[in-house]
**Student:** 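Got a structure for you, questions after.
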Amino acid sequence: MDYNFKEVENKWQAYWRRNKIYQVSVDHKKPKFYVLDMFPYPSGAGLHVGHPLGYIASDIYARYKRLKGFNVLHPMGYDAYGLPAEQYAIQTGTHPAITTEKNISRYREQLDKIGFSFDWDREVRTSDPDYYKWTQWTFIQLFNSWYNLKTNKASRIALLKAEFALFGNGHIKAACSETPTFTAEEWVDMDERQQQQILMNYRLAYLADTMVNWCPDLGTVLANDEVSEGLSVRGGHRVERKSMKQWLLRITAYADRLLDGLDTIDWSESLKDIQRNWIGRSEGGSMLFAVEGSTETIEVFTTRPDTIFGATFMVLAPEHERVKTLTTSSQQAEIDRYIQRTKNRSERERMAEVKKVSGAFTGSYAINPFNGEKLPVWIADYVLMGYGTGAIMAVPAHDSRDFAFARHFNLPIIQVVSRKGESPSDPAGWEESYDSKEGVLINAGFITGLSVKEAISKVIDAATEKGIGTKRINYRLRDAIFSRQRYWGEPFPIYYKDGMPYVLDEKMLPLELPKVDAYLPTETGEPPLARAINWNTAEGYPIETNTMPGFAGSSGYYLRYMDPKNKAEYFSKEANDYWQQVDLYIGGAEHATGHLIYARFWNMFLFDLGLACKPEPFQKLINQGMIQGRSSLVYRVNVEKMAEYLLWEELRDGKMGVSFVRDFRDGHRKFDFFSPEARLVIEVKRQHSLEKLAHPYEAYCQKKGYKLLLIPLRDFIDEMDGIRTRISDAVKGKPVKAFIEKESLKSYLAFVSKNYPGREQFSDPLHVDISLVHNDILDTEAFRQWQPHLAEAVFILENDKYVCGWEVEKMSKSKYNVQNPDELIDRYGADTLRMYEMFLGPLEQSKPWDTQGIEGVFRFIRKFWRLFHNENNELNISDDKAGKAELKVLHRTIRKVEEDNERFSFNTAVSAFMICVNELTDLKCNKREVLEPLTILLSPFAPHLAEEMWSLLGHFQSVVLQSFPAWDEEMMTENTFSYPVSFNGKTRFRIELPVGMDIKAIEETTLATEECKKWTEGKQVKKIIVVPQRIINIVV
RNA sequence: GCCCGAGUGGUGGAAUUGGUAGACACGAAGGACUUAAAAUCCUUUGGCCAUUGCGGUCGUGCCGGUUCGAGUCCGGCCUCGGGUACCA
């Protein structure tokens, strides 16, 4: 054994822990750098190789920054609340805290083995009262705040109350729910309860009746980002729309700032796009339509006011409150039927029927304010109550949904926009609506001839003047539902007095999660906390029984890491001023519309309060790609099919010298194969069937004068050559026994190697555990022992090997393709795992996990070790001065690795190390002058090996505490450059020229060479392009 | 449907600003060392043609363009992956 990674890795992990090497504290002498991984949820399954990918990258970067002289904050903790532990509690009665604790220790054990540089003294857990105290505290601040649109930031509710008492709410501009205007007198006259109800409309954390995503199977509501395609993201349970009283966070108040903030942060464009789409800002106008024969009006939101002359009908959402009053008696039955139908559909059904056009006519007509046209008012569920005003003016000519609706119900279509140079056409002949983003208005009254852009503002201006419309901005983003009907989450610091919610005094925090006798809802359908005994304040007021959602605790955890032990504050001003914000955040893109929006909102709110010093929490963010599984496949043989296939391959096209037919009928008998020339019958069956058939068949064939061969199926597996010999002998007329008594094969469970001819014809793929397969070769013995029914399996090999097929798919237990890092660490060590995960490819790209290449990294690690040792594995380091070639290798590597680290290109950095060690090995370099800086350089990637080598080099201080070596341009400069010479862009030969040579001289020297003459022969040189130290291109 | 991202050898990938396509690694084939195995080392390895050597030719999903020169830029298309979905 040359390099004993097990011993070395254990030794240094213990050393780091004992000496708290990774502990950091505020140090104003050094610049700070904050590297953070996304908060993991410790699931029962533990880590698979996909999880640590991001952790390894951030760890390398954190270690690199440390060597570069930064004071690096690199903490880790756990998002410990979560559904799986609670579901387990419901099933087994085990308290989720116990399950969570167990999972965390398993996680920690796995993390420790990989050699991360986390400062574990800063660990936080969302379920720890010392931590969730501050989650609850922040909720109180949200409750006590409102959003002032004049200052564009959050402000205290107390100030708002003072304003109300002095001036009423008329002049207040707030992000709030719909609230009637009142005067100061009216405010003062209101009783406590009425005042509280008004204030609720303003609070950033507020209680309201809302349509929620109710998941009956999980017994709780879910946020929009926890639902995908009408199913819960976790577990895939069905979700219904239901109206319930819920806590909400007024995140919509921050929509614009969340959008604008994206321009100030260094995230991938695709991630920013996802957030932009999710926030979904659209500018347009709102417009009031009068209703014929009524004083009522309908307000619509539109992004295209310019198309108002093309509006031919209106559509309201079925839940729209005006539907009742607008429906005429003759239409009542139809409207009722439609509303009933849409109500009973689940979210998923509704989505599945998107393509189906449906709706009902109310009987009323609205009036187009610009041309007085009557517009029939319909209801349809393609208009959503939750967006805009829940009503639209339908412009079928220029909107695909309106178009489909108009076609279905035979409503008129009028074109009002035409692209430049195109003449309008008859909409009756259209197959789809006309795209009108660019163009000129036609048939459009006072805006005819204007461009779309001009017309939009002209119509808004005209509507404003008439007092029937305004410019308006709408967002797709909804307020975040913050209640969960669950046990395992933060309790709300809320109690109820006269049915109105009040916050607990901050001194009462943390409000600890109570004990309950079961983790299920009560019989009356209340959340599990309703089971808690004495869940009241000291005064006897009942405490809120909902708990907070998963994103509550993870929205501000990165701030707590700055000052995790603080008893008096969320975090101290000093700590926040120093650490400021996360400089590098690494995690998966799946959090784009959840955690990453909520955390930004949370942080902006704390910024408004003056607590966080930066508005954005995560300055730079990298999404590591997903690691997909690489499944291995074996091919189970259908033996009958295989035998017929293989035999036919032998017999067809006269290969045996005579022709055969398949499925030959002779009277009422049928034989598998028959050769009329050789008068030979061949029958293929299982051994025991042949035993029964042997006598009657032999008798029959004797009578007919046929020769007979009965071939058992097992021969196709182990006696293929024997079959060939028997048939060819029979064809040649040699005497061959029709039937040979044999022991029957017990199992017909056969597996055929991937490249066996005809395999596709007679086998089916089957997943096999990847631990039984190495480099696509199946360990057949291990396979037999894998599952009891495989014990008798037989294999059809190629080149004495069983080659498996493979497929890239999601890593999952059922596909037997989950790679657990512990196994790899056991076999190759943590340093190899770390480097291999990086070597796999660019950090942000998704890639399949495949252990095939890991040997290469393992070899590199041992090769690095051998640089320091002689053939007898004795330490052998020279103090001689390094030669020019050696220094060149070193300095080139330093530069490359530094550049690659800076741009997070760790895969190419690993390559650079390999090239370096290959070259130094060739140079037989064992000079301290080279190996010392190289060891530091390598330490972020392979910290254990580096630490060991560093101590073998005679140092007593950890390599972690050293400085990153500097590279020297001069060490790398060459005097000559080998130019590729190309003709019309095709490289033909190379020429070695001095670096400083001027272009003229280069041209002349090149043209004078023999090789050049060969290529220019008979042609005229038109032009020569010389790019110094790059290429020479000759145009002929 | 819409919005992103990606297509390079048998495989993972490299080519950072338009300048030698295939670095590095795996796998495969052949060889050395060894009683043998492991480990290690050496040679070959994009396709086709030629092969005694020199070499020739095509080639970065497809079609076209810009350029002395395109994996890289532009236009059109195809395939795969991610996000989102009656958002007016």
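Throughout, protein chains are lettered first and strands after them, A, B, ... in sequence-line order, and every chain is numbered starting at 1. Values reported hereafter were calculated over all heavy atoms of this structure, with side chains retained and with hydrogens, waters and symmetry mates removed.
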**Student:** Tell me if the side-chain of A:N1033 makes a donor-acceptor pair with the base of B:C68, cut-off 3.5 Å, by modelled atom types.
**Tutor:** yes
**Student:** What does B:G9 pair with, Watson-Crick or G-U, if both distances are under 3.5 Å?
**Tutor:**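 In the structure as shown, B:G9 has no Watson-Crick or wobble partner.
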**Student:** Using 4.0 Å as the upper bound for N to carboxylate O, is an ion pair formed by A:E871 and A:R866?
**Tutor:**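 The answer is no: the pair does not qualify as a salt bridge.
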**Student:** Syn or anti for B:G9, with syn set at within 90° of 0?
**Tutor:** syn
**Student:** Any side-chain N or O of A:R862 less than 4.0 Å from the OP1 or OP2 oxygen of B:U40?
**Tutor:**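 Yes, within the criterion.
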**Student:** Of the options B:A88, B:U11, B:A85, whose atoms approach the side-chain atoms of A:R476 most closely?
**Tutor:**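 For A:R476, the side-chain atoms sit closest to B:A85.
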**Student:** Just to be sure I understand the rule, does A:E269 reach a base, reach only the sugar-phosphate, or reach nothing, if contact means heavy atoms closer than 4.0 Å?
**Tutor:**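 Contact class for A:E269: none.
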**Student:** Are any non-hydrogen side-chain atoms of A:N926 and A:F868 less than 4.5 angstrom apart?
**Tutor:**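 Sidechains of A:F868 and A:N926: no contact.
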**Student:** Using a 4.0 Å heavy-atom cut-off, does A:V1027 contact any base of the nucleic acid, only the sugar-phosphate backbone, or nothing at all?
**Tutor:**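 The answer is base, as A:V1027 lies within the cut-off (heavy atoms under 4.0 Å) of a base atom.
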**Student:** Looking at B:C87, B:A15, B:C4, which one has an atom nearest to any side-chain atom of A:S270?
**Tutor:**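 Minimum distance to the A:S270 side chain belongs to B:C4.
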**Student:** Where along nucleotides 20-34 of chain B does protein come under 4.0 Å, by heavy atom, of base (B) or sugar-phosphate alone (S), with - for untouched nucleotides?
**Tutor:** BS-BBSSS-------
**Student:** For A:E269, is there an ion pair with A:R276 - N to carboxylate O distance below 4.0 angstrom?
**Tutor:**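 A salt bridge is present here (some side-chain N lies under 4.0 Å from a carboxylate O).
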**Student:** Identify the pairs formed between an N or O of the protein and an N or O of nucleotides 78-81 of chain B at a distance under 3.5 Å, and give each distance.
**Tutor:**
none

**Student:** Considering every strand and a 4.0 Å limit on heavy-atom distances, what is the contact class for A:S400: base, sugar-phosphate, or nothing?
**Tutor:** nothing
**Student:** Would you call the rings of A:F977 and A:Y979 parallel, tilted or perpendicular if under 30° counts as parallel and over 60° as perpendicular?
**Tutor:** perpendicular
**Student:** So if I take every side-chain heavy atom of A:I392 and compare against B:U16, B:A88, B:G19, which nucleotide ends up nearest?
**Tutor:**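 The answer is B:A88, which lies nearest to the side chain.
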**Student:** Any strand counts, and the cut-off is 3.5 Å on both contacts for Watson-Crick or G-U wobble. Which nucleotide pairs with B:C2?
**Tutor:**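 Pair assignment: B:C2 / B:G83.
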**Student:** Would you call A:R892 and A:E919 a salt bridge, using N to O less than 4.0 angstrom?
**Tutor:**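 Answer for the salt bridge query: yes.
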**Student:** Do NZ/NE/NH1/NH2 and the carboxylate oxygens of A:E299 and A:R322 come within less than 4.0 Å?
**Tutor:**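 No, A:E299 and A:R322 are not salt-bridged.
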**Student:** For A:V383, which contact category applies under a 4.0 Å heavy-atom criterion: base, sugar-phosphate, or nothing?
**Tutor:** base
**Student:** Measure distances between side-chain N and O atoms of A:R276 and base N and O atoms of B:C4, and say whether any donor-acceptor pair falls under 3.5 Å.
**Tutor:**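 Side chain to base: no pair below 3.5 Å.
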**Student:** Taking 4.0 angstrom as the limit, do A:R281 and A:E283 come out as a salt bridge?
**Tutor:**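 Yes, A:R281 and A:E283 are salt-bridged.
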**Student:** Which of these nucleotides, B:U84, B:C3, B:C86, is closest to any side-chain atom of A:D381?
**Tutor:**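 From the listed options, B:C86 comes nearest.
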**Student:** Measuring to OP1 and OP2 of B:U16, would you say a side-chain N or O of A:S905 lies under 4.0 angstrom away?
**Tutor:** no
